[in-house]
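Notes follow the structure.
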Amino acid sequence: MDKETLAIDTIPDAAPAIMSKITADEPYFGQEFDSEAAAHAFYNAYATRTGFVIRVSKLSRSRRDGSAIGRALVCNKEGFRMPDKREKIVRQRVETRVGCRAMILVRKIKSGKWVVTKFVKEHTHTLTTVKGRRDCIFDQYPNEHDKIRELSQQLAMEKKRAATYKRNLELIFEQIEEHNESLSKKIQHIVDSVGDMENKEQKSQT
């Protein structure tokens with residue numbers, strides 16, 4: 001959200017009259033929230049019902065103290081993905097950004113409330129059903145999903161290997177303990193034998 005947007009998107013005095021005619025099932029210009037998190041939760045719930053996924057976008061901060069004063073929440077198909085030269089052609093991700101402009105802008109006002117200063121309802125793509133929303137998320141990150149599964153398998157193998165190493169170390173410590181115990185007995189036997197020999201020698205001298 002840039003300075004220009006914040007300057008233009010002001011709330012007129014007539015806004016309350018407009019608000020009363022609009023259902024609270026979808027965002028509307030001038031809608032108030034107690035916090036940025038509440039605005040995010042509302043728009044996310046709206047997206048779930050409508051059939052799209054949201055993405056947190058631009059953040060505006062106060063010049064005075066650096067606190068957040070504005071946030072853009074957009075459709076996950078907003079903009080266009082820049083090509084990544086590091087990706088091999090055979091492993092390129094499915095194109096998910098199609099320049100969709102659906103979004104809301106929320107701005108923090110003096111009362112501490114967060115107010116919707118802009119709402120774009122229309123999408124430039126087909127919306128998914130609630131059931132298909134999860135598939136939409138997985139389609140957005142196919143390689144990442146495979147990578148998580150691969151890393152999970154590696155983690156399971158490492159846990160088994162660590163358990164084997166732990167057991168081997170325990171066996172080594174047990175053997176060391178047994179050896180130390182046996183060595184202590186032998187040393188004590190030698191000490192006792194030397195003591196007996198000294199006693200016999202003293203008796204023979206007397």
Side-chain angles (χ1 to χ4, degrees), residues 1-84 87 92-145 148:
M1 188 186 305
D2 52 28
K3 300 177 195 171
E4 233 178 272
T5 301
L6 291 177
I8 294 173
D9 294 324
T10 54
I11 302 173
D13 295 336
I18 299 173
M19 294 175 208
S20 62
K21 298 178 183 179
I22 303 175
T23 174
D25 288 341
E26 68 178 35
Y28 56 83
F29 183 76
Q31 184 178 12
E32 291 188 356
F33 298 96
D34 291 333
S35 64
E36 180 190 348
H40 182 281
F42 179 86
Y43 194 52
N44 188 54
Y46 165 73
T48 301
R49 293 192 304 270
T50 307
F52 69 98
V53 179
I54 71 170
R55 176 161 50 85
V56 176
S57 187
K58 298 176 183 178
L59 172 68
S60 226
R61 292 189 178 277
S62 168
R63 289 184 176 181
R64 183 181 59 192
D65 57 12
S67 62
I69 58 172
R71 171 69 78 179
L73 301 172
V74 303
C75 173
N76 74 322
K77 294 182 181 294
E78 178 267 349
F80 297 94
R81 188 170 68 88
M82 297 297 292
D84 190 344
E87 288 183 351
Q92 282 185 342
R93 289 185 291 178
V94 177
E95 188 57 64
T96 56
R97 297 196 183 185
V98 294
C100 183
R101 300 179 65 82
M103 51 91 76
I104 64 169
L105 294 176
V106 287
R107 182 184 181 185
K108 189 176 184 181
I109 56 178
K110 290 181 180 179
S111 66
K113 299 279 188 178
W114 285 73
V115 181
V116 176
T117 59
K118 186 175 182 180
F119 170 48
V120 179
K121 181 178 179 178
E122 293 73 23
H123 293 259
T124 59
H125 55 90
T126 304
L127 298 177
T128 60
T129 62
V130 175
K131 183 179 179 181
R133 187 171 179 268
R134 183 180 61 180
D135 296 333
C136 178
I137 297 173
F138 283 126
D139 287 343
Q140 185 181 2
Y141 305 105
N143 291 344
E144 285 80 356
H145 182 60
I148 291 173

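Everything numeric here is computed off the predicted structure, so don't read it as measured data.
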For His40, all residues meeting ring pair (Phe, Tyr, Trp, His ring centres under 6.0 Å), sequence neighbours excluded: none
Give, for atom CD of Glu78 and atom CZ of Arg101, the distance between the pair rounded to the nearest 0.5 Å. 9.0 Å
If only atom types and distance count, is the side chain of Arg49 paired as donor or acceptor with the main-chain N or O of Asp25 below 3.5 Å? yes
If every non-hydrogen atom of Cys100 is compared with every non-hydrogen atom of Thr124, which pair is closest and at what distance? CA-OG1, 3.2 Å
Any residue meeting side chain to side chain contact (heavy atoms under 4.5 Å, CB included) with Ser62, in chain and number order, not counting sequence neighbours: Arg64, Asp65, Ser67, Ile69
Minimum heavy-atom distance between Glu26 and Gln31, given as atom pair plus value: O-OE1, 4.2 Å
I need the Arg61 CZ to Lys108 NZ distance, nearest 0.5 Å. 11.0 Å
Mind checking whether Val115 and Arg107 have side chains closer than 4.5 Å, heavy atoms only? no
Sequence-distant partners of Tyr43, ring pair (Phe, Tyr, Trp, His ring centres under 6.0 Å), two or more places apart: Tyr46, Phe52
Go through the steps for His125 and Cys75 under the test side chain to side chain contact (heavy atoms under 4.5 Å, CB included), then give the verdict. CA-CA 10 Å; His125 55 90; Cys75 173; 3.3 Å; yes
d(Ile104 CD1, Tyr28 OH) to nearest 0.5 Å is 12.0 Å
Who passes side chain to side chain contact (heavy atoms under 4.5 Å, CB included) against Asp34, sequence neighbours left out? Lys113
Side chain to side chain contact (heavy atoms under 4.5 Å, CB included) involving Thr126 - partner list, sequence neighbours excluded: none
Shortest non-hydrogen contact from Glu122 toward Ala102: O-CB, 3.5 Å
Report the residues that fulfil side chain to side chain contact (heavy atoms under 4.5 Å, CB included) with Ala68, sequence neighbours left out, ordered by chain and then residue number. Glu36, Leu59, Trp114
Would you please test Val56 and Leu73 for side chain to side chain contact (heavy atoms under 4.5 Å, CB included) and show each step? CA-CA 5 Å; Val56 176; Leu73 301 172; 4.0 Å; yes
Contacts of Ser57 meeting side chain to side chain donor-acceptor pair (under 3.5 Å) (sequence neighbours excluded), chain-then-number -> none
